[in-house]
Amino acid sequence: MIENLVIVESPAKAKTIEQFLGKDFQVKSSMGHIRDLAKKNFGIDLENNFTPQYIIPEDKKKIVAELKKLVKNSKTVWLASDEDREGEAIAWHLSEVLNLNPENTRRIVFHEITKNAILESIKNFRSIDQHLVNAQQARRILDRIVGFELSPVLWKKVKPSLSAGRVQSVAVRLVVERERDIINFKPVSSFKVTAIFNSKNVSQQLRAEASKRFETVDGARKFLEQCKLSEFSVIDVTKKPTKKSPSPPFTTSTLQQEASRKLGYSVSQTMTVAQKLYEAGKITYMRTDSVNLSDTALDAAKKVITKEFGAQYVHIRQYKTKSKSAQEAHEAIRPTYLEKQDIQGNNSEKKLYELIWKRTIASQMSDAKLEKTTVTIDVSNATENFIAVGEVLNFDGFLKVYIESTDDDPEEETKGLLPPLKVADKLNYVNIDAVQKFTNSPPRYTEASLVKKLEELGIGRPSTYAPTISTIQNRGYVLKEDREGKERKCIALDLKDKTITEKVITEIFGKEKSKLFPDNIGMIVNDFLIEYFKNILDYNFTATIEKEFDDIASGKLDWTKMLDKFYNPFHKQVSNTLEVSERSKGERLLGNDPETGKPVFVRLGRYGALAQIGENSTDENTEKPKFASLLKGQNIETITLKEALALFRLPRNVGTFEDKEMVVAIGRFGPYIRHDSKFYSLKKNIDDPYTITAKRAIELIEAKREQDRNKVIQSFKEEPDLQVLNGRWGPYIAFKKNNYKIPKGKDPESLSLADCKKIIEEGDSKKKK
DNA sequence: CAGTGAGCGAGCTTCCGCTTGACTT
């Protein structure tokens with residue numbers, strides 16, 4: 001007989017808690033929810049007051065069976081799922097499925113895994129809060145209704161297998177709207193004037209910026225002309241103390257952002273690594289919206305900071321969440337043992353742990369104290385001034401450990417210490433330059449900055465951020481891509497030794513790395529949903545219904561009434577859309593083909609975006625339209641007539657070689673030559689598929705053949721499937737579609753067949769692990 | 001890998017939030 005059975009959500013948590021509670025308690029985990037709405041037949045009885053049809057998913061049956069057995073032999077069952085809406089529902093589902101007797105069932109909650117918090121919670125047990133459970137059921141059912149009624153509309157009106165939902169569709173909308181802001185963005189330029197000054201009294205040079213930017217090159221030139229004959233003198237020196245405070249400890253979303261900015265991790269990578277650290281007991285739970293730290297952690301932080309940096313660096317604080325949707329069932333993400341500055345593990349685990357350690361420690365350290373100095377310089381012949389700003393760090397405080405990164409590009413120059421100038425000091429210029437600067441379009445989202453935005457809007461939860469980001473990419477709505485920068489010309493004036501020179505400089509702008517771009521299907525789906533379901537795609541939709549869920553939770557609102565009020569108009573909207581809307585292909589007329597005069601369209605086809613010359617027709621006598629696929633990165637929305645027509649110039653026959661035709665085209669992996677049913681890639685940035693000559697094509701073919709000749713290092717008659725090859729990363733063994741690395745110190749040319757087989761065996765056993 | 005683009009119809013797709021492994025590269 002078990003005296004006490006405690007059920008929590010996660011096995012790692014179970015392990016920790018068991019240590020705190022002693023022999024009389026056995027702790028088990030439910031692995032999250034144990035029941036969900038049936039997928040078949042909608043899972044909701046709409047005729048019958050939204051009665052949910054719950055089933056136990058296949059992968060949870062084993063756990064449920066195990067729990068049932070344990071419950072039978074337990075005197076008291078403690079339901080210790082998280083203290084939030086979902087956690088309450090898990091407790092309720094457990095009590096229903098396990099047939100728990102209310103008399104020996106106790107609900108307990110704690111939001112930090114410390115001995116005190118758990119012992120305290122045991123003293124303050126309660127029963128299940130049915131209102132909170134109902135709020136969860138309303139949330140679950142509403143999401144099912146929205147998802148399972150909207151998605152089929154898309155299957156009929158856009159393309160099969162697409163999806164829509166309260167969270168993912170807003171995420172796509174954000175990316176689409178941002179892209180349109182960028183497309184429509186018109187950069188404005190102005191001239192930024194920067195001067196380098198000398199002074200007799202000081203050895204250090206002074207860098208200062210004109211108090212205004214000039215709209216035109218003429219304005220800038222006029223100002224430089226005025227500077228040419230001016231005297232410069234200091235008219236004001238202002239010193240102002242400032243401070244910087246540390247950021248709060250990590251939540252899921254801020255961890256994803258910083259790991260993205262500082263370590264270059266994708267959001268799912270961050271979560272996988274964090275999960276490893278959590279399971280190894282190295283950090284607290286990684287899916288949290290709380291910035292709270294337990295008293296135990298604060299004590300430990302104080303000790304660590306005092307020991308490592310001194311008492312003057314300690315500043316213990318409790319942070320408050322800004323996000324309204326936060327449910328705060330856990331602590332912030334922190335090291336379990338703050339004394340451990342580094343850990344054992346692989347490289348990515350070490351790096352992420354270090355980041356969490358620094359952030360946690362910094363959050364409990366003193367403010368950094370700075371002094372900002374502003375020097376104003378008069379220009380005798382002009383109304384504008386020059387202004388120099390410098391900053392001195394008087395006390396580093398938390399900056400000793402951690403500096404938060406930002407998504408904005410670092411346009412502002414590092415401000416250093418200024419020379420000790422005083423009012424009335426005279427200055428001479430070394431040079432003054434005026435450079436044309438362009439305003440930047442709003443930035444494209446990264447995975448992490450999209451999560452940040454969703455969190456601000458209260459959409460999605462820590463456990464769903466990473467899956468949502470994956471879903472919108474898997475559906476093809478959004479692509480994560482790099483883009484090459486483009487060049488643009490900027491005018492630069494320079495005044496030196498009383499002479500103004502003008503030159504044109506080239507700058508690169510718009511270079512993107514791992515940014516989210518909407519694909520054609522994402523834009524089409526978004527526009528369709530915005531047209532017919534604007535209310536659901538509204539950025540405030542989630543916030544509005546969350547208020548109602550809160551009212552259900554506090555017992556002020558009946559959950560079925562709330563659903564009824566939502567469902568009736570929504571369902572009408574769905575049927576109406578099915579009736580009135582056209583099939584959406586995103587078709588756009590670009591103009592006419594100058595050769596034939598026929599219209600040129602772009603639209604979404606069965607296999608992606610395509611360009612089409614000529615109308616579709618059932619008439620046998622009219623010529624069939626011509627088709628060409630759009631290239632990767634080309635958008636229905638932005639492609640020009642010229643670009644579309646160029647697509648039809650390929651495939652192009654460039655001549656014959658060895659009595660076989662050479663055909664140039666662009667495929668999934670870029671431009672290529674097809675010859676004798678073999679493929680040869682064109683060289684990036686060197687060869688142009690539209691102009692490449694037969695001579696050059698033959699050159700490429702022969703170069704590839706030469707490379708292939710050198711590819712085979714060894715082959716064996718006895719085992720034709722096995723070869724020793726020369727690849728991009730050096731020699732390797734190829735065997736039945738698998739590749740194996742050759743261990744260091746072995747000479748690939750003298751390996752025997754037995755040697756190779758041994759390497760393969762070792763490689764296979766490694767994989768199994 | 002390197003292609004496709006009509007229409008019909010059967011049977012399938014799909015949501016969000018809680019969890020962890022079982023997969024592949």
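Treat the numbers as computed from the prediction; the structure is a model and nothing was measured. Residue numbers start from 1 in every chain, and the chains themselves are labelled A, B, ... in the order their sequence lines are given, proteins ahead of strands.
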> Reading nucleotides 16-23 of chain B from the 5' end, what letters show protein touch, with B for base, S for backbone sugar-phosphate only, - for no heavy atom under 4.0 Å?
Replying inline: BBBBS---
>> According to side-chain hydrogen bond (donor to acceptor under 3.5 Å, both in side chains), does anything in residues 459-471 of chain A pair up with another residue at least two apart or in another chain? List the pairs.
In response: A:Asp289-A:Arg461
> Does A:His131 have any ring-ring contact (aromatic ring centres under 6.0 Å, His included) partners at least two apart in sequence or in another chain, and if so, which?
Replying inline: none
Which protein N or O atoms sit under 3.5 Å from an N or O of nucleotides 3-5 of chain B?
from	atom 1	to	atom 2	distance (Å)
B:dG3	OP1	A:Arg674	NH1	3.3
B:dG3	OP2	A:Arg674	NH1	2.5
B:dG5	O6	A:Ser629	OG	2.6
B:dG5	N2	A:Arg606	N	3.2
B:dG5	N2	A:Tyr607	N	2.6
B:dG5	N2	A:Gly608	N	3.4
B:dG5	N2	A:Gly608	O	3.4

>> Test of understanding: with side chain to side chain donor-acceptor pair (under 3.5 Å), list the residues that count as partners of A:Asn653, not counting sequence neighbours.
In response: A:Glu661
> What residue pairs, at least two apart or across chains, pass salt bridge (Lys or Arg N to Asp or Glu O under 4.0 Å) with a residue in residues 138-149 of chain A?
Replying inline: A:Asp36-A:Arg140, A:Glu86-A:Arg139, A:Arg139-A:Asp143, A:Asp143-A:Arg166
>> Restricting to ring-ring contact (aromatic ring centres under 6.0 Å, His included), what partner residues turn up for A:Phe110, sequence neighbours left out?
In response: none
> Who pairs with A:Phe679 by ring-ring contact (aromatic ring centres under 6.0 Å, His included), at least two apart in sequence or on another chain?
Replying inline: A:Tyr672
>> For Watson-Crick and G-U wobble pairs within 3.5 Å on both distances, what is DNA chain B written in dot-bracket notation, | included for inter-strand pairing?
In response: .........................
> ring-ring contact (aromatic ring centres under 6.0 Å, His included) with A:Phe528: which residues, sequence neighbours excluded?
Replying inline: A:Tyr532
> Under a 4.0 Å heavy-atom cut-off, which of residues 534-543 of chain A touch DNA chain B?
Replying inline: none
> Who pairs with A:Thr251 by side chain to side chain contact (heavy atoms under 4.5 Å, CB included), at least two apart in sequence or on another chain?
Replying inline: A:Ser253, A:Thr254, A:Val291, A:Glu455
